[in-house]
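Throughout, protein chains are lettered first and strands after them, A, B, ... in sequence-line order, and every chain is numbered starting at 1.
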2 protein chains.
Amino acid sequence: MTTRVKVGIRTVAAEAGVSTATVSQVYNNKGEVAEATRARVLAVGARLGYRPDRIGQALRSGRSRVIGVVVSYRDSAVWEQTYMPYYRSIIAGAAIEAVEHGYSISAAPSSPSGDLETQVPLDGVIVVDPVPHDAIVEQSLANGLAVVTDGGYETTDAAARLRSVRSDMAQSVPAMLDHLDAASGGGLRPALFIGPRHDSYTDDTIAAYRRWCSEHDVPEAISALAVGETPVDAAGRLLDGAGDRIDAVHCLNETYSSALLAAAAERGIRVPDELQVSVAGDARGVGVDPRISYLHLDPVHSGALCARTLIAMLEAREVHDVVESVTVVPAGVHVGGDVGAP
Amino acid sequence: MTTRVKVGIRTVAAEAGVSTATVSQVYNNKGEVAEATRARVLAVGARLGYRPDRIGQALRSGRSRVIGVVVSYRDSAVWEQTYMPYYRSIIAGAAIEAVEHGYSISAAPSSPSGDLETQVPLDGVIVVDPVPHDAIVEQSLANGLAVVTDGGYETTDAAARLRSVRSDMAQSVPAMLDHLDAASGGGLRPALFIGPRHDSYTDDTIAAYRRWCSEHDVPEAISALAVGETPVDAAGRLLDGAGDRIDAVHCLNETYSSALLAAAAERGIRVPDELQVSVAGDARGVGVDPRISYLHLDPVHSGALCARTLIAMLEAREVHDVVESVTVVPAGVHVGGDVGAP
DNA sequence: ATGAAAGCGCTAACAG
DNA sequence: CTGTTAGCGCTTTCAT
């Protein structure tokens, strides 16, 4: 093994016969450096295996290259089953994207008041499913952090360092309902099965559903999980209450669609013959049910997109809000069916 | 809003009428500081809202407080379905645990040669499912990183900064087979359905399975997914090849159990009446199938455990290898059934 | 028991 | 075009 002396900016400077300032300029593409010098410095740096120390850079620049993913801790089984799987995909997607750009990520638990309980200084945060006037978003902006929300966010402040990444429910929910309508031969009477939280994702879905109903002149049937109610009970309530007036249900997430299928089975309702079911969720996971149609959401991809958007902001690049398109995966189709070698 | 001057160690020192060195000592519980002084410094610090800057600390101490989770990029559908879900749970669990201790995490893609392609300096790494003599593990140790493996790891070097966290397959696989044996009224003939990779998790499972077979004097039937083969094809091969000589299959992961169920359905084999199926996986997820029995693995928890173990090493605390116990969740039992409010 | 001073590796003014 | 210099916020000898 070669002698492992720590090779810093000084080592390179000395070896290349220039000053540390010049080496710095070269590695940051800043200032005016003669082409010959630049080449020499780069050559020496490469030979010595020089990598600028991120910590030194961070100290100097005041930027930590750490981005936070805000998680709100909740200790219920619904959190475990519904939100946690989503968060972990976001975290993983963000982490994998971040590393490509030299960033790391930190989970950032938040207090109800909206400030982040984190020991590491963050350059920016990703906030998942914000509610209107979200305390975390507002606090973070006030603290000078860049913010990207996963889910739409309305702000009056045009100058805010804020962007959003959201799934195009306005487009995809009607597309799904059209699909179910066609599959049933027309005259579809769809219900909507949602949770108790009014985040942007829920609101976008509701709005799209309502619009479709109004355009097709069918009555709305929106059923929300009550606080304290189990999904299966809520699904049962939905079926018992509107069972004969509906022939399809779109569910906000996979916990609800599972509950609905269970409730339907208990009542001897056959899916999809008697009742079509659709859900927004991962159509490629192990738990996909061939009887139901998916609005294919890929939270890992969303996490990556959020991270990329945030990093672009941090590096002062031009960046806009992002709307992800969502595809309809009809029942019976397995996207991940062509599984190859590991 | 109060004037937001940056409060650093100097501010506190000045305000408390001591030197920065003393403040540092107080905040690190180092050296000898008079009780009165310590209290005064702490009071001033609290009043001013002083938080030691992690970056300054990192620069001085040479430790970044970033831990890497090694992920091997693989671009196949099996990676997407099997490994990726596991990795993302590990990443999320590690991230959530890490933040409690003031650490962040970084995904660390690795090249085949075993060195980590990461721009941030890491204090340690978590390596998931190492193979024997794993290049990444060895390289990382050689580079002075602390290492925790998720999955057992054998090393000759007793002094190595290496610990492992693994699930107790030696205990739980026989427990599962005993359970299936009892459910079938005795005389169980179980097969084992594994992948092409020989990591410690696979090897532990095989060993436990073999021991059970030998103790119960039944023939072994181990079926491995070939490289390039789809899980459903492999499952079909298993059933066609040994269908009448077995009455149960334990699957290494949920991709394989799904494939097996699909293959069984195609052949009109009823589960669990004609064929019992068990799998090592998350018994609480949305995709749980009530027909199969689970060895309940919680990768989020494992990730947290790995992070905790690694951080303990980094902070020079005494720490041992960890063996997680795994519980048998019989078919038909829904662990997450009692779902409450979100 | 406390303080002064020397940097950790890097970047940004400014001077040459 | 390139070098000198002054720190970023902190920890750590070594004096006092």
J.: For D:dT11 and B:Q57 - does any side-chain N or O of the residue sit under 4.0 Å from the phosphate oxygens OP1/OP2?
T.: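 So the side-chain polar atoms of B:Q57 do come within 4.0 Å of the phosphate oxygens OP1 or OP2 of D:dT11, strictly under.
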J.: Report the distance from atom CG of A:D134 to atom OG1 of A:T155, rounding to the nearest 0.5 Å.
T.: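 So the CG of A:D134 and the OG1 of A:T155 are separated by 11.5 Å.
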J.: Do A:S64 and A:D123 have a side chain donor and acceptor closer than 3.5 Å?
T.: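 Judged by distance alone, the side chains do pair up.
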J.: Could you check whether B:Y27 gets within reach of a base, just the sugar-phosphate, or nothing at all, counting any heavy atom under 4.0 Å?
T.: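 Nothing, no heavy atom under 4.0 Å.
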J.: Atom CG of A:L145 and atom CD1 of A:I67: how far apart are they, to the nearest 0.5 Å?
T.: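 Between atom CG of A:L145 and atom CD1 of A:I67 there are 11.5 Å.
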J.: Could you check which residues of residues 10-25 of chain B get a heavy atom under 4.0 Å from DNA chain C? Sort them by number, please.
T.: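 Residues of residues 10-25 of chain B under 4.0 Å from DNA chain C: B:G17, B:V18, B:S19, B:A21, B:T22, B:Q25.
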J.: Have A:Y86 and A:D150 got a donor and an acceptor in their side chains that come within less than 3.5 Å?
T.: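 A pair is found: one side chain offers a donor N or O, the other an acceptor, under 3.5 Å apart.
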J.: Roughly, in whole Å, what's the span from CG in B:N28 to P in D:dT12?
T.: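 Those two atoms, CG and P, are 7 Å apart.
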J.: Looking at every strand, decide which applies to B:E32 at a 4.0 Å heavy-atom threshold: base, sugar-phosphate, or nothing.
T.: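 The residue B:E32 makes base contact.
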J.: Mapping B:L59 and B:K30 onto DNA chain D by nearest heavy atom, which one lands closer to the 5' end?
T.: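 This one resolves to B:L59.
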J.: Carefully, step by step, assess A:E154 and A:H133 under the rule side chain to side chain donor-acceptor pair (under 3.5 Å).
T.: CA-CA 8 Å; A:E154 301 274 318; A:H133 308 290; over 6 Å; no
J.: Would you mind reading off the distance between A:R65 atom CZ and C:dC10 atom C1', rounded to a whole angstrom?
T.: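 Interatomic distance, CZ of A:R65 to C1' of C:dC10: 13 Å.
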J.: Please determine, by modelled atom types, if A:E315 and A:H101 share a side-chain donor-acceptor pair under 3.5 angstrom.
T.: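 Looking only at side-chain atoms, A:H101 and A:E315 do not form any donor-acceptor pair under 3.5 Å.
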J.: State whether a side-chain donor-acceptor pair under 3.5 Å links A:Y87 with A:D129.
T.: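 Short answer, no.
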J.: Rounding to a whole Å, what distance do you find between A:I55:CD1 and D:dG7:P?
T.: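 Distance check: A:I55 CD1 to D:dG7 P gives 23 Å.
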J.: Just to be sure I understand the geometry, which residues of residues 34-41 of chain B put a non-hydrogen atom under 4.0 Å away from DNA chain C?
T.: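 Going residue by residue through residues 34-41 of chain B, the ones with a heavy atom under 4.0 Å of DNA chain C turn out to be B:A34, B:T37.
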J.: Would B:S89 and A:R88 satisfy side chain to side chain donor-acceptor pair (under 3.5 Å), going step by step from the backbone distance to the final call?
T.: CA-CA 6 Å; B:S89 300; A:R88 42 178 198 251; 3.1 Å; yes
J.: Could you state the atom-to-atom distance from CD1 of B:I9 to C1' of C:dT2 in whole Å?
T.: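 So the CD1-C1' distance, B:I9 to C:dT2, works out to 14 Å.
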J.: In whole angstrom, give the distance that lies between atom CG of B:D53 and atom P of D:dG7.
T.: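 Between P of D:dG7 and CG of B:D53: 18 Å.
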J.: Measure the distance from CZ on A:R63 to C1' on C:dT11 and round it to the nearest whole Å.
T.: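 Distance, rounded to whole Å: 13 Å.
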J.: Flag the pair A:R308 and A:E100 as a salt bridge only when some basic side-chain nitrogen lies within less than 4.0 angstrom of an acidic carboxylate oxygen.
T.: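 No, A:R308 and A:E100 are not salt-bridged.
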J.: To the nearest Å, how far apart are B:R60 CZ and D:dC10 P?
T.: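 Taking atom P of D:dC10 as the reference, CZ of B:R60 is at 13 Å.
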